[in-house]
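Only one structure is covered here, and it is reproduced in the block below.
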Amino acid sequence: MIEFDQVTKVYNGDVKAINNIDLTVNDGEFVILLGPSGCGKTTLLRMVNQLETMTEGDIRVQGKSISELNKIEMRRNIGYVIQSNGLFPNMTIEDNMMIVPDLLGWDRVKKRERFNYLSDLVGLAPDEFRNRYPHELSGGQQQRVGVARALAADPPVMLMDEPFGALDPIIRTSIQDEFLKIQREVKKTILFVSHDIDEAVRMGDRIALLRGGEIMQYDTPTNLLNRPSNEFVSEFVGQDRVLKSMSLYTVAHLMDTMNLKAADQTITDTKKVDMHTSLRNVIAMLLNREADQIVATNETGEIAGRLSLGLIEEFLEKEVKTKA
Amino acid sequence: MIEFDQVTKVYNGDVKAINNIDLTVNDGEFVILLGPSGCGKTTLLRMVNQLETMTEGDIRVQGKSISELNKIEMRRNIGYVIQSNGLFPNMTIEDNMMIVPDLLGWDRVKKRERFNYLSDLVGLAPDEFRNRYPHELSGGQQQRVGVARALAADPPVMLMDEPFGALDPIIRTSIQDEFLKIQREVKKTILFVSHDIDEAVRMGDRIALLRGGEIMQYDTPTNLLNRPSNEFVSEFVGQDRVLKSMSLYTVAHLMDTMNLKAADQTITDTKKVDMHTSLRNVIAMLLNREADQIVATNETGEIAGRLSLGLIEEFLEKEVKTKA
Amino acid sequence: SSGDQVTVGAKNFTEQFILAKMTELLLEQEGYEVEMRDNLGSTALRQALENGQVDVTWDYTGTGLVTYNGEDPIADVDEAFARIQEVDGEQGITWTNISEVNNTYTLVMREDQANELGIESISDLSDYVNDNPGEFRMASDAEFANRPDGLPGVYETYGFEFGDAQVIEMNYGLNYDAIGNEEVEVAVGFSTDSRIPELNLINLEDDMDFFPAYSAAVSMTTEIYEEFPEMEEVFQRMADILDSEIMAELNYQVDIEQRNVDEVAEEFLQESGLLE
Amino acid sequence: MTRNKAIALAVKIVFWVLIIAFFWWAFTSEAFAKIYESPGTFFNLLSQHLTMVGISAGLAIVIAVPLGIFITRPKFRKSEWLLVNIANLGQTIPSIAILALAMGFLGIGIRAAIVALFIYSLLPILQNTIAGLDSVDPAAKDAAKGMGLTPAQILFKIELPSASYSILAGIRTAVVLNIGTAALAYLIGGGGLGVWIFTGIQLFDPQFLISGAVPVTLLAILVDYMFRGLQFAVVPKGLRLARQAAIKQA
Amino acid sequence: MSGLIDYISRDFSNILSYTIEHIQLVGVALIIAMLIGIPLGIYLTANEDLAETVLQVASIILTIPSIALFGVMIPILSVINQGVGFLPAVIALILYSQLPIIRNTYTAINNVDPNIRDAAKGIGMTTFQRLIKVEIPNGLPLIMAGVRTATVLSIGIGAIAAFIGSGGLGVLINSGISRGNSNMVLTGAIAVSILAIIADQTLKLIQRKFTPKGVQ
Ligand SMILES: Nc1ncnc2c1ncn2[C@@H]1O[C@H](COP(=O)(O)OP(=O)(O)OP(=O)(O)O)[C@@H](O)[C@H]1O
Ligand SMILES: Nc1ncnc2c1ncn2[C@@H]1O[C@H](COP(=O)(O)OP(=O)(O)OP(=O)(O)O)[C@@H](O)[C@H]1O
Ligand SMILES: C[N+](C)(C)CC(=O)O
Ligand SMILES: [Mg+2]
Ligand SMILES: [Mg+2]
């Protein structure tokens with residue numbers, strides 16, 4: 001658990017980067033810090049592992065005030081992905097990735113295994129990259145090494161500063177998926193900086209939207225999108241925020257609330273989607289006209305009923321009670 | 001007119017960046033080069049103004065093979081916006097923007113006027129920025145100066161390499177609009193690199209989608225979205241490509257094909273949209289539930305009928321005959 | 001002959017600076033425009049003279065004969081001067097205005113040590129060195145250590161030799177400090193150098209008459225000599241009033257009293273009535 | 001072959017021809033005679049030269065590098081500015097002046113020469129050490145801190161390897177300059193090959209001159225190459241490659 | 001200390017004239033060195049192969065001990081009857097100045113952001129316009145840094161040139177040594193250092209003045 005308790009940060013006596021922030025990240029929670037450039041995301045993150053001092057307030061990690069913790073030890077237990085990857089130019093990719101295990105005195109075999117595992121995880125062929133040096137990698141590849149490096153010693157807490165910023169959309173999506181998969185299993189406590197609303201919605205359990213060093217809204221993605229608490233939030237999440245929020249609802253959600261119409265047995269060109277499909281995908285399929293009718297299946301694979309845009313429209317009406 | 005005639009580019013004898021490309025950009029046409037990173041967009045662009053040599057083939061600008069043109073003169077007649085803005089750090093913003101007029105020997109008054117006009121165009125207050133230096137501007141501001149610089153001498157042909165990449169979404173949209181407005185009036189011949197499918201769809205008359213130095217599809221935005229010619233294209237434009245294509249259709253299109261249902265006079269919470277509104281926006285509004293009913297108005301401002309997702313669904317069915 | 005340009009050269013020790021300065025002052029009084037090129041080693045200066053980069057300089061007959069021309073040393077002053085006039089004359093260099101200044105090389109020791117060891121002459125030194133090889137160290141400038149009329153000749157004539165590591169070479173002038181500070185036992189000196197008496201050093205007698213006469217005289221290019229024959233008369237005024245004692249006194253003023261060369265030269269010429 | 005390559009080749013050929021011509025002239029006119037006529041003296045002078053250079057440069061390295069490390073630690077940051085400026089100023093003092101001044105304090109001989117050379121070598125090494133450590137990518141240092149490396153680990157694992165190129169460059173410059181400056185030690189009775197050079201200059205004797213000057217020059221060039229080799233061996237491969245890549249790009 | 005001031009006031013005119021000689025020597029050498037080095041450095045950016053050779057040669061020249069180079073100049077230049085004095089000193093100083101000037105100019109022009117160069121090309125600047133309007137202004141700080149290094153170097157080495165009769169402040173140091181006059185040595189040393197500092201600062205000022213604001 002990470003708790004920010006009335007934290008304020010003033011640079012050089014006059015730049016108030018963080019203004020009296022309260023924020024709690026629960027154990028195993030994935031929290032996104034979102035906001036425009038310069039709003040203080042990096043600053044907030046770096047105060048946790050004491051790379052930046054606080055001006056006022058307190059931060060507690062696992063219940064203990066960070067001022068009482070041993071800096072070095074604490075940092076080894078917190079994975080940190082720096083905004084600009086910060087790889088060590090003098091070390092090979094393997095050495096870079098294994099630096100913390102190395103400091104912790106892992107043996108060769110264990111390090112090798114871990115390297116292979118992590119490289120695969122971030123989509124880099126271990127043997128191809130092992131002995132290369134950072135400058136021999138593309139920007140996106142470097143960034144992935146940075147992420148893997150932070151994961152190396154499997155720290156329970158992770159601080160990640162725009163870790164996927166330099167990745168192209170395809171790799172970005174796939175690495176996000178991988179990451180979510182691990183997260184579902186290991187439940188790390190993660191504070192993750194992003195300025196990409198789609199990424200935030202996709203990845204975060206909760207999102208803290210910042211502006212000028214203050215939290216505008218700290219909420220679940222669904223609420224942020226559907227119940228923006230003020231003008232700034234609703235503008236930041238965008239006009240199509242409800243469309244975005246559709247990726248957070250699945251067919252199952254829809255079926256909980258609504259009764260599906262019966263499928264038309266006479267139509268042969270039918271496409272089945274399972275209950276875990278997001279409504280956003282369903283909307284896309286419907287608009288794409290991928291089949292003459294699209295039907296949802298239940299857990300046993302039986303057809304539960306037919307999906308239509310009209311139905312989704314009704315679902316929204318019921319589900320999203322407050323209007324923008 | 002720009003014609004690529006079986007153009008091939010090989011770097012260092014082995015990297016085939018462009019492979020036998022044929023492509024014609026008609027006079028006054030706005031063509032987008034789209035594709036993943038490293039597919040050869042920049043290379044293709046730079047061969048036009050001979051910043052890169054061709055390995056094979058020929059490029060003709062206004063009917064003349066570029067090899068026969070005087071390099072310097074030709075470049076002055078082709079506006080070029082470089083991928084990373086490439087402003088001259090030693091010159092003020094005004095000097096940067098007016099460099100080509102300066103080389104062409106314009107007089108002071110004319111340059112001053114032009115500077116004021118262009119600064120306004122790209123949303124920079126002329127007097128505020130005139131005497132600043134590039135490093136005193138934010139990334140986005142620099143990029144706008146780069147665009148203005150390329151427009152300075154009003155060249156009939158423009159080469160633009162991701163000119164809006166560093167802009168935040170809000171300014172980006174507004175500058176895109178401005179740009180389209182000018183383009184509608186002056187009809188320059190434009191080759192524009194982008195990797196953003198939304199931007200491409202929004203701006204281009206035609207889009208050339210590249211992969212590995214080859215053209216996958218060269219088509220209008222609508223066709224690219226609705227009739228992708230192969231797997232790669234349909235994957236690149238995205239699952240929600242039809243949703244994207246909705247931004248190309250307006251309410252007017254819908255009304256041409258379909259009969260709107262009558263508006264429900266009893267509902268008081270009604271929102272009106274005019275005929276030029278894109279269907280994408282309509283979809284967003286409907287999903288956002290911005291009002292209890294959304295109605296379209298005709299040219300005279302009278303209510304023409306009620307819009308619904310179901311209606312749009314039907315429109316798609318009629319309009320987009322081929323299935324993905 | 002106003003505005004006529006003459007370059008005066010000088011070597012790298014005090015006496016030379018003084019002589020050159022006096023020459024400059026007198027020539028300027030006569031309306032010449034004088035340029036200085038000083039701080040040169042003997043042979044470099046000679047080379048500059050041969051090149052025409054230097055027109056006039058005060059040099060020493062012995063140096064001219066032995067070092068520049070490889071002749072045998074001649075002890076007699078007039079004979080030496082006649083000989084060098086003859087030899088150099090053939091090479092376009094004219095010697096004139098021989099003075100009473102004889103600035104010969106000398107080997108010096110600290111008076112107390114020399115007395116204690118009973119060394120009075122170079123022969124005594126030779127015996128001592130041969131009996132106690134490796135004991136004595138010697139300070140020398142690079143020139144003396146390698147000139148035919150320097151150490152090599154001394155070795156040959158007197159039949160002894162310091163070891164390689166025993167000869168410490170240094171900038172001329174420091175050799176006095178070296179011996180004064182007891183860092184060496186023997187040093188080379190110039191006989192007109194006032195530091196010899198000042199530091200209580202004694203000259204070892206050149207009992208085999210190895211060192212030739214080093215009479216200071218004007219050495220100039222024949223070209224300049226023929227162009228400005230009247231210069232000889234000007235220099236003669238200087239030659240007439242200078243001798244070894246006076247030279248030593250002038251050196252004393254510069255080296256010991258640390259007065260400045262220009263002042264000393266000017267004052268001396270004025271006192272002698274040669275300069276207004 | 002392109003025109004550029006041809007010009008480059010021509011210049012290279014001219015350079016080598018000049019060198020060969022020089023050595024040919026030197027050998028035919030027996031300019032190296034002193035070396036083989038009196039090898040004892042030669043080796044004596046050479047060993048004096050090497051002694052001066054070795055001791056002074058060695059001390060300079062041993063003191064300047066740690067000092068540079070020390071001064072770049074956050075605690076001493078404030079004094080860094082001062083020291084860098086002193087180092088800059090110090091390097092404007094000509095070598096001959098430092099020699100003369102050292103003699104003023106320590107008298108004649110090799111000791112004074114060594115002290116002077118030591119001072120003279122200290123500054124470039126110090127300067128390059130500081131510059132090298134300062135230029136280590138702050139992001140890398142930050143990342144290291146963030147991962148819980150101790151200051152010492154950051155120094156030895158990240159900073160020193162990253163700065164090694166610059167530090168070695170400083171040492172290389174210092175030692176090469178030192179060899180040249182040691183040739184002036186004659187002036188204060190420090191010995192070394194400068195003795196022959198000065199003899200040659202004062203007596204206008206090419207034999208002395210060349211027998212002294214050429215070995216000193218070769219020594220300097222040799223040491224320069226040796227340090228280049230050392231740079232190759234010590235500087236982490238990643239940095240070396242990155243440098244090369246950066247140079248190629250430019 | 002009082003001895004020093006005393007010496008300086010007594011010998012002031014000499015000190016001044018040695019200083020002027022020194023400035024002349026270094027000044028002439030530097031102007032010529034710049035006239036050679038800067039264009040050469042610029043040209044080298046267009047000829048990579050030559051660049052490598054020239055920079056290597058220049059760096060070898062810089063490793064030659066100055067006194068050795070001065071020494072070698074005497075017999076060589078005696079061939080044209082200029083063995084001692086100004087000419088060999090100037091030539092040696094020019095040679096020593098080449099490496100910093102050429103290398104910095106070369107790096108400065110080469111290091112101009114390739115994007116900027118590209119933009120200049122794309123705009124249709126001629127090679128010459130690019131050089132004058134973009135590459136030199138942007139490379140100026142680095143070029144001037146090279147000139148400054150060369151200046152400080154030359155002023156120091158100029159003091160050694162006194163041994164081959166070129167005059168200058170080296171004479172003070174050398175005569176001071178041989179006369180055991182430490183004030184004279186000190187004066188020479190200080191004068192040379194001050195000269196170097198003043199020259200360095202002056203050039204820095206010039207550099208500031210001519211460096212476009214946007215590049216600083
Ligand atoms: N060392 C510093 N000194 C002074 N001001 C600083 C410093 N570091 C950051 N700031 C200021 O603090 C504010 C917050 O900076 P921070 O780096 O936290 O922003 P961010 O939200 O991470 O932005 P980005 O998305 O651009 O990385 C900014 O206004 C920034 O200019
Ligand atoms: N100078 C070069 N030498 C060798 N290969 C090059 C060079 N320039 C580009 N390439 C290669 O050519 C291919 C096309 O490069 P290009 O810059 O045209 O891509 P792009 O489509 O503009 O990519 P991006 O969207 O990342 O800017 C890439 O594989 C790239 O690595
Ligand atoms: C002063 N001596 C005559 C001893 C030597 C010379 O300079 O020629
Ligand atoms: Mg940040
Ligand atoms: Mg590109």
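The sequence lines fix the lettering, A, B, ..., with proteins before strands; numbering per chain opens at 1.
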For chain D, which of E:A189, E:G71, E:G156 has the most heavy-atom pairs under 4.5 Å?
-> E:G71

Chain E: which of D:G212, D:P94, D:A183 shares the most heavy-atom pairs with it under 4.5 Å?
-> D:P94

Region of E:Y106 in contact with chain D, defined by heavy-atom distances below 4.5 Å | neither

Does the pair D:L99 and D:L187 meet the rule for a side chain to side chain contact (heavy atoms under 4.5 Å, CB included), with working shown?
-> CA-CA 8 Å; D:L99 277 167; D:L187 292 173; 5.5 Å; no

Considering only heavy atoms, which portion of E:V72 lies under 4.5 Å from any heavy atom of chain D: side chain, backbone, both, or neither?
-> both

Can you tell which of E:T107, E:I74, E:V54 has the highest number of heavy-atom pairs within less than 4.5 Å of chain D?
-> E:I74

Using distance alone, with no hydrogens and no angle criterion, decide if D:S121 and D:N178 have a side-chain donor and acceptor under 3.5 Å apart.
-> yes

For the pair E:S78 (side chain) and E:N81 (backbone), establish whether a donor and an acceptor sit closer than 3.5 Å, ignoring hydrogens and angles.
-> no

Pair D:D224 + D:R228, salt bridge at N-O below 4.0 Å | yes

Is it true that E:R117 and E:D113 have a side-chain N and a carboxylate O under 4.0 angstrom from each other?
-> no

Chi angles and distances behind the salt bridge (Lys or Arg N to Asp or Glu O under 4.0 Å) call for E:D6, E:R10 = CA-CA 6 Å; E:D6 197 42; E:R10 264 190 296 125; 3.8 Å; yes

Under 4.5 Å from any heavy atom of chain E - which part of D:F208 = neither

Interchain contact, E:N174 with chain D, by part (heavy-atom threshold 4.5 Å) = side chain

Where does E:I173 contact chain D at under 4.5 Å (heavy atoms): side chain, backbone, both or neither?
-> side chain

With a 4.5 angstrom heavy-atom cut-off, could you sort out which part of E:A51 is near chain D: side chain, backbone, both or neither?
-> neither

E:S97 and E:I36: CA distance, side-chain angles, deciding distance, side chain to side chain contact (heavy atoms under 4.5 Å, CB included) verdict = CA-CA 10 Å; E:S97 302; E:I36 299 171; over 6 Å; no

Please assess E:N104 against E:I143 for the test side chain to side chain contact (heavy atoms under 4.5 Å, CB included), listing each intermediate value before the final yes or no.
-> CA-CA 5 Å; E:N104 277 42; E:I143 296 174; 5.7 Å; no

Side chain, backbone, both or neither: which part of E:I67 has an atom under 4.5 Å from a heavy atom of chain D?
-> both

Does some side-chain heavy atom of D:W196 sit less than 4.5 Å from a side-chain heavy atom of D:S211?
-> yes

So, the part of D:I7 with a heavy atom under 4.5 Å from chain E: the answer is both

Answer with side chain, backbone, both or neither: which region of E:S59 has an atom nearer than 4.5 Å to a non-hydrogen atom of chain D?
-> side chain

D:L209 versus chain E, heavy atoms under 4.5 Å apart: side chain, backbone, both or neither?
-> side chain

